[in-house]
Amino acid sequence: QSALTQPPSASGSPGQSVTISCTGTSSDVGAYNYVSWYQQHPGKAPKLMMYEVSKRPSGVPDRFSGSKSGNTASLTVSGLQAEDEADYYCSSYAGSNNLLFGGGTKLTVV
Amino acid sequence: EVQVLESGGGLVQPGGSLRLSCAASGFTFSSYAMSWVRQAPGKGLEWVSAISGSASSTNYADSVKGRFTLSRDNSKNTLYLQMNSLRADDTAVYFCARAPYSNSWYHSFDYWGQGALVTVSS
């Protein structure tokens with residue numbers, strides 16, 4: 001199975017909102033609500049930002065929100081801050097004991 | 001405080017073997033599924049393998065099936081990844097990651113280690 005599809009890059013100014021998409025198929029994103037999002041700063045380990053499509057772990061600012069429509073999941077970052085600049089990866093359970101990640105999106109706060 | 005710490009990375013020749021370890025602390029290790037996720041230099045994340053909390057089930061990505069073996073020793077709070085028949089495209093940072101449940105390893109990964117670099121080259 002192929003990786004989930006994410007835009008390579010996204011950008012926004014401080015205070016603005018930006019949405020990152022994650023497109024899969026009816027066998028993965030469209031079939032399960034096990035969609036997660038991870039933030040990764042350069043040289044660091046990924047950090048869980050969203051799970052089960054739209055649930056935020058403790059400590060993640062409510063500026064981050066998640067949603068899903070059909071085969072596409074989305075992560076929205078509102079009120080962009082400089083520290084939000086990072087790579088973002090989505091993941092989805094794909095059935096048959098397989099997990100897929102997206103290719104990653106580099107978010108730039110300009 | 002939950003911590004996971006990888007070790008065992010290094011340089012290995014194509015066709016060689018290496019064993020990664022992941023030492024866990026700050027939680028009841030046997031109650032959580034664990035996974036390895038790798039990241040090739042400059043590339044994205046790729047799930048490699050997962051094991052249930054009791055070690056009763058293991059799962060592998062097609063890219064490593066038959067070459068990698070995942071195991072855990074709950075008495076030592078340690079996860080192991082035995083990697084055989086290594087290839088150049090196995091070169092990556094290997095992250096150890098915890099799932100928030102014992103059996104639903106695919107739910108999400110709530111804690112990650114800092115990673116261990118594995119380089120396969122002659």
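Below, read A as the first sequence line, B as the second, and so on, with proteins coming before strands; counting in each chain starts at 1. Everything numeric in this text was worked out from a predicted model, so none of it was measured.
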Atom group of A:Q40 that falls short of 4.5 Å from chain B, counting heavy atoms: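 Contact with chain B: side chain only.
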
By a 4.5 Å heavy-atom criterion (distance strictly below it), what part of A:Y32 contacts chain B: side chain, backbone, both, or neither?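 No part of A:Y32 comes within 4.5 Å of chain B.
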
Who among A:G103, A:S36, A:P46 has the most heavy-atom pairs with chain B under 4.5 Å? A:P46

Residues in residues 47-68 of chain A near chain B [non-hydrogen atoms, under 4.5 Å]: A:L48, A:Y51, A:E52

Applying a criterion of heavy atom separation less than 4.5 Å, what residues of residues 83-93 of chain A form contacts with chain B? A:Y89, A:Y93

Please check if [X] and [Y] belong to a single hydrophobic cluster, counting links between Ile, Leu, Val, Met, Phe, Trp and Tyr side chain heavy atoms closer than 4.5 Å.
X: B:V48; Y: A:Y38; result: no
X: A:W37; Y: A:V29; result: yes
X: A:Y34; Y: A:L100; result: no
X: B:F68; Y: B:V93; result: no
X: A:L4; Y: B:Y106; result: no

Reported CG-to-CG distance for the pair B:D62 and A:N98, which is rounded to 0.5 angstrom: 6.5 Å

B:F109, part contacting chain A, at a heavy-atom distance under 4.5 Å: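 Both backbone and side chain of B:F109 come within 4.5 Å of chain A.
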
Measuring heavy-atom distances to chain A, does B:D110 have an atom under 4.5 Å in its side chain, in its backbone, in both, or in neither? both

Check B:F95 against A:K44 and note the closest heavy-atom contact, atom names and distance.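 The answer is CZ-O, 4.3 Å.
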
Checking an interface table here. Which of residues 22-40 of chain B come within a heavy-atom distance under 4.5 Å of chain A?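 The residues closer than 4.5 Å to chain A, in numerical order, are B:V37, B:Q39.
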
At under 4.5 Å between heavy atoms, what parts of residues 112-122 of chain B are in contact with chain A? List them by residue number. B:W112, B:G113, B:Q114

